Number of protein chains: 2
Amino acid sequence: MQKLDGVEDLRVRRTRKLLQQALIEGTVDKGFAALTVRDITSRAMVNRSTFYRHYHDKYDLLEQHINAIYEVLEEEGGIIGEGRHEGLIELFKHIQQFPDFYGVVLGAQADAFLSPSFRQQTRQRFLAYFQQTFSEATSDPETPPLDLKFTTVASAGCGALAWWLEQERPSTPEQFAHWMQQIISDILVSTRLRQDSEP
Amino acid sequence: MQKLDGVEDLRVRRTRKLLQQALIEGTVDKGFAALTVRDITSRAMVNRSTFYRHYHDKYDLLEQHINAIYEVLEEEGGIIGEGRHEGLIELFKHIQQFPDFYGVVLGAQADAFLSPSFRQQTRQRFLAYFQQTFSEATSDPETPPLDLKFTTVASAGCGALAWWLEQERPSTPEQFAHWMQQIISDILVSTRLRQDSEP
DNA sequence: TCTCCCATGTTGCATAGGCAACACATTCCG
DNA sequence: CGGAATGTGTTGCCTATGCAACATGGGAGA
């Protein structure tokens, strides 16, 4: 099935791309819940049997698509790279590259089903990021568990991203990154302060 | 190669569609002249050898794409149908369905090469249309050859369409059809008048 | 309840298309 | 000038995908 020695067959990459596109487009106009495998394959101009050679069902397709997008993000060094501010800007630029995808996964019209799975994944990514950047500052044994903070911040981040995507005329990634940075700092600082001022 | 009994293989239709899309997109950002077959196939995620199984070269691809679009137009009854005014409106609605295509073929950024071939095809279509609608009115032996009139009108039509497509906020097909109708009538009437008043 | 309908999965066989390699022409650059 | 690089066409073999036909299951309506 897979060529072990490196690049996959062009047909495989193309088929996957068409199915992933069709998934997003279909979700935009029918909603993820109402989408059938037939809808997806006919929109993608791919035979239904071929769908099952690649994915188990539409949930699998969604998950793999999310992973694929994250791979792009990581190849761009979006989250892990350089300074934190630059990292956020890269992240938001990346998001602007896939407006439909993030609109579906994060936006207002997102099905209730979608958000949790995405948020969970995002949390893990943010986690890796913040562990790098903030590990020294939060090494105090009295602070709340990192995990809790990350969950909070990740949720806040997702909410903010949704807001950003819903604007009809979104501000630049730079501007938005600046705001996010401030908000996140506020959260982290306030938890530390509360922590410091309590017994 | 072709299934004689009706519908083509899904792979065939998909491949052609991807190549045609890539042709338009590629023309938009490199120009038709600078486009290579490699550009087209890599953008379409289709192997170059497959390209040659379907088309002789990029000119062939363009021509077949134009024909395909015309087939859509005719299936919609765009030109041939009903009253002349309604026919024009259908035509313009059709054009709005393929903005990129018509933008390339007619718009300001169209390569000098493209317009003539398209204009020629368009002329033939307009010809069929006007032969139906205006044949009685122009049966006078003193009038200039139909062919000449059609060429003139088709050129005028193409120019007007280019204008329409270049507007950032195009008026509705109905509004535009109304203007076109008036302009075309003016042309036809003025030639008849000049014809009538000369010996 | 019992159908009818539609979506999901799965399979065997036929084929369009990918890949690699080729010859040839062209442009470009030292 | 000569050679490296790039684009065009073409070919033979291998494989991913299309197609048709199944079985299954769930939901809607008589």
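Numbers restart at 1 for each chain; the letters A, B, ... are given by sequence-line order, proteins then strands. Excluded from the calculations below are hydrogen atoms, water molecules and symmetry mates; all remaining heavy atoms, backbone and side chain alike, are included. What you see is a predicted model, and the numbers here were worked out from it, not measured in a lab.
Between the CD atom of B/Glu8 and the C1' atom of C/dA16 there is a distance of 12 Å, given to the nearest Å. Rounded to an integer number of Å, the gap from A/Leu19 CG to D/dA16 C1' is 13 Å. One can place NE2 of A/His54 at 16 Å from P of C/dG9, the figure rounded to the nearest angstrom. When the P atom of C/dA7 is taken as reference, atom CD1 of A/Ile40 falls 13 Å away, rounded to whole Å. Distance, B/Met45 CE to C/dC19 C1': 15 Å, rounded to whole Å. In this structure, A/Tyr59 places its OH atom 15 Å from P of C/dA7, rounding to the nearest Å. A straight line from CZ of B/Arg13 to P of C/dG17 spans 12 Å, rounded to a whole angstrom. For A/Arg14 and C/dC19, the CZ to C1' distance is 13 Å, given to the nearest whole Å.
Between the side chains of B/Thr50 and B/Asn47, no donor N or O sits under 3.5 Å from an acceptor N or O. With no hydrogens or angles considered, a side-chain donor-acceptor pair links A/Gln64 and A/Asp60 at under 3.5 Å.
Phosphate proximity of D/dT17 to A/Asn47: absent, as no side-chain N or O sits under 4.0 Å from OP1 or OP2.
When side chains are defined from C-beta on, B/Leu23 counts as touching B/Leu62, because their heavy atoms get closer than 4.5 Å. The closest side-chain heavy-atom distance from A/Leu18 to B/Arg14 is below 4.5 Å.
With distances taken from any side-chain atom of A/Arg11 to the nucleotides C/dC19, D/dA16, D/dC19, the minimum falls on D/dA16. When distances are taken from the side chain of A/Thr15 to each of D/dT17, C/dC19, D/dG18, the shortest belongs to D/dT17. When the nucleotides D/dT17, D/dC19, C/dG18 are ranked by their closest atom to the side chain of A/Asp9, C/dG18 comes out on top.
Put simply, OG1 on B/Thr15 and CE on B/Met45 are 12.0 Å apart, with the number rounded to the nearest 0.5 Å.
A donor-acceptor pair is defined here as one N or O able to donate and one able to accept, closer than 3.5 Å; no such pair exists between the side chain of B/Arg48 and the backbone of B/Arg38.
Evaluation of atom-type donor-acceptor distances gives a pair under 3.5 Å for the side chain of B/Arg53 against the base of C/dG18.
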- Task: Applying side chain to side chain contact (heavy atoms under 4.5 Å, CB included), run through A/Leu61 and A/Gln20 and close with a yes or a no.
- Result: CA-CA 7 Å; A/Leu61 168 59; A/Gln20 292 172 353; 3.8 Å; yes
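Minimum heavy-atom separation, A/Ala22 to A/Ile40: CB-O, 3.5 Å.
The aromatic ring centroids of B/His94 and B/Tyr102 lie less than 6.0 Å from each other.
Comparing the end axes of the helix from C/dT1-D/dA30 to C/dG30-D/dC1, each fitted to five base pairs by superposing C1' atoms of four pairs onto the next four, gives an inter-axis angle of 40° (nearest 10 degrees).
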At a cut-off of 3.5 Å, list every protein nitrogen or oxygen paired with a nitrogen or oxygen from nucleotides 8-10 of chain D, distance to 0.1 Å.
from  : atom 1 : to      : atom 2 : distance (Å)
D/dT8 : OP1    : B/Val37 : N      : 3.1
D/dT8 : OP2    : B/Val37 : N      : 3.4
D/dG9 : N7     : B/Arg48 : NH1    : 3.0
D/dG9 : O6     : B/Arg48 : NH2    : 3.3

